[in-house]
Asks: 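Pasting a structure below so you can have a look.
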Protein chains: 2
Amino acid sequence: MVTNEVRSLDGRFNVMALACPTRAVIDRIGDKWTLLVLYALGSGRLRFSQLRAQVQGVSQKMLTQTLRGMERDGLLSRTVHAEVPPRVEYELTELGRGLQEVVAGIRLWAYGHMDEIDEARERYDTKI
Amino acid sequence: MVTNEVRSLDGRFNVMALACPTRAVIDRIGDKWTLLVLYALGSGRLRFSQLRAQVQGVSQKMLTQTLRGMERDGLLSRTVHAEVPPRVEYELTELGRGLQEVVAGIRLWAYGHMDEIDEARERYDTKI
DNA sequence: CTGAATCCTTTCCGATACTG
DNA sequence: CAGTATCGGAAAGGATTCAG
């Protein structure tokens, strides 16, 4: 573990240092659409219109924006075919697939504990 | 795995169904402060003012709001001591500590791959 | 078909003032 | 000390229009 490096002089964890890299990842997938695109591309390469159909509810603007961001971060590759009408295909890179596996860990925990969270919410809401 | 249940008739994954529980978790920790509070409370129980000192940059309003949300979801417990001046202590529940372990998985991946993302960004930005 | 550009609404959140 | 309440700026994101 890397935790040694981020302890302050008083022995406390430096919250910021610990959170920072995690924060970066969460910020990356925490927006409204990246996670859904990641899932959609999990089964293989898709073109823009297919993505838009599978990620229902996404606007053209936001899909483009999300894809640009993910391409910039090396999570997916974008290939433009010189045809008319144009055909553009997106595919996860190895880095993107790795991120997907991480997210799979979250999903696993989510499936196992979302009911606990829901129960806690009900208790909290009814008590007050 | 639960993936069988979320395949559509055409054999494709239903992106929404797959992502939904994960989305809920990401939304929970994806806001600006929850992650930092989670880290800060990792080393043990803290009172409000201590939290505010450790999570530097957080406003009193946002800290309160974040703590309320996490309490509602059963991630932490809030105990008010009947004293003057008041003393309120926050501590992670077992559920909260479980979530922390999940986040640790993200952190591990982040430490190993954030440089790749940074490199990809530089390549992308300089190329255009 | 893919995508850029603009407008406009909604949401987030920091600053500030006030309270038991 | 540990909150609550309110206001306004900033940012996210949806709808729409135009273009290669």
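Scope of the values below: all heavy atoms of this structure, side chains included, with no hydrogens, waters or symmetry mates. The model shown is predicted, which means the values in this text are computed figures rather than measured ones.
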Asks: When you compare the side chain of A:Leu76 with that of A:Tyr90, does any pair of heavy atoms fall below 4.5 Å?
Replies: yes
Asks: Roughly how many Å is it from CZ in A:Arg87 to P in C:dC1, rounded to a whole number?
Replies: 13 Å
Asks: Are A:Val80 and A:Leu92 in one and the same hydrophobic cluster, where Ile, Leu, Val, Met, Phe, Trp and Tyr link if side-chain heavy atoms are under 4.5 Å apart?
Replies: yes
Asks: Specify the separation, in whole Å, of atom CG of A:Asp27 and atom P of D:dA12.
Replies: 11 Å
Asks: Is the phosphate of C:dC12, meaning OP1 or OP2, less than 4.0 Å from a side-chain N or O of B:Trp33?
Replies: no
Asks: Please identify each residue that fulfils salt bridge (charged side-chain N to carboxylate O under 4.0 Å, His left out) with A:Glu101, with sequence neighbours left out.
Replies: none
Asks: Which of the following nucleotides, D:dA2, C:dT2, D:dG14, is nearest to the side chain of A:Ser49?
Replies: C:dT2
Asks: Rounded to the nearest Å, what distance is computed from the CD atom of residue A:Gln56 to the C1' atom of nucleotide D:dG14?
Replies: 16 Å
Asks: Mind checking if B:Arg78 touches a base, just sugar-phosphate, or nothing, with heavy atoms under 4.0 Å?
Replies: sugar-phosphate
Asks: Let me know which of A:Lys61, A:Arg68, A:Gln60 forms a side-chain hydrogen bond (donor to acceptor under 3.5 Å, both in side chains) with A:Thr64.
Replies: A:Gln60
Asks: Tell me, please, which residues at least two apart from B:Asp118 pass side chain to side chain donor-acceptor pair (under 3.5 Å).
Replies: none
Asks: Are there any protein N/O atoms within less than 3.5 Å of an N/O atom in nucleotides 17-20 of chain C, and if so, which ones and at what distance?
Replies:
none

Asks: Mind running a 4.0 Å heavy-atom check of residues 61-68 of chain B against DNA chain D and sending the residues that fall below it, in number order?
Replies: B:Lys61, B:Thr64, B:Arg68
Asks: On DNA chain D, check which nucleotide each of A:Arg52 and A:Asp31 is closest to and give me the residue with the more 5' one.
Replies: A:Asp31
Asks: Between C:dG14, D:dG14, D:dA2, which nucleotide gets closest to the side-chain atoms of B:Ser59?
Replies: C:dG14
Asks: Any heavy-atom pair between the side chains of B:Gln54 and B:Leu51 that's under 4.5 Å?
Replies: no
Asks: List for me each residue that meets salt bridge (charged side-chain N to carboxylate O under 4.0 Å, His left out) alongside A:Arg87, sequence neighbours excluded, and say none if there are none.
Replies: A:Glu83, A:Glu89
Asks: What integer distance in Å separates A:Arg47:CZ from C:dG3:P?
Replies: 10 Å
Asks: Counting side-chain heavy atoms from CB outward, which of D:dG3, C:dG3, D:dG14 is closest to B:Tyr90?
Replies: D:dG3
Asks: Take the C1' atoms of the five end pairs on each side of the helix from C:dC1-D:dG20 to C:dG20-D:dC1, derive the two axes, and give their angle rounded to 10 degrees.
Replies: 40°
Asks: What's the separation between atom OG1 in A:Thr66 and atom CG in A:Leu38, rounded to the nearest 0.5 Å?
Replies: 11.5 Å
Asks: Could you tell me if the side chain of B:Leu41 sits less than 4.5 Å from the side chain of B:Val37, heavy atoms only?
Replies: yes
Asks: Applying side-chain contact (heavy atoms from CB on, under 4.5 Å) to B:Ile106 and A:Val103, what does each step give before you reach the verdict?
Replies: CA-CA 8 Å; B:Ile106 307 177; A:Val103 174; over 6 Å; no
Asks: If I take atom NE2 in residue A:His81 and atom C1' in nucleotide C:dG3, what distance separates them, rounded to the nearest angstrom?
Replies: 16 Å
Asks: Rounded to the nearest 0.5 Å, what separates atom CG in B:Leu75 from atom NE2 in A:His113?
Replies: 11.5 Å
Asks: Could you give the NZ-to-C1' distance, from B:Lys32 to D:dA10, as a whole number of Å?
Replies: 11 Å
Asks: Can a side-chain donor-acceptor contact be found between A:Tyr39 and B:Thr22 if the only test is distance below 3.5 angstrom?
Replies: yes
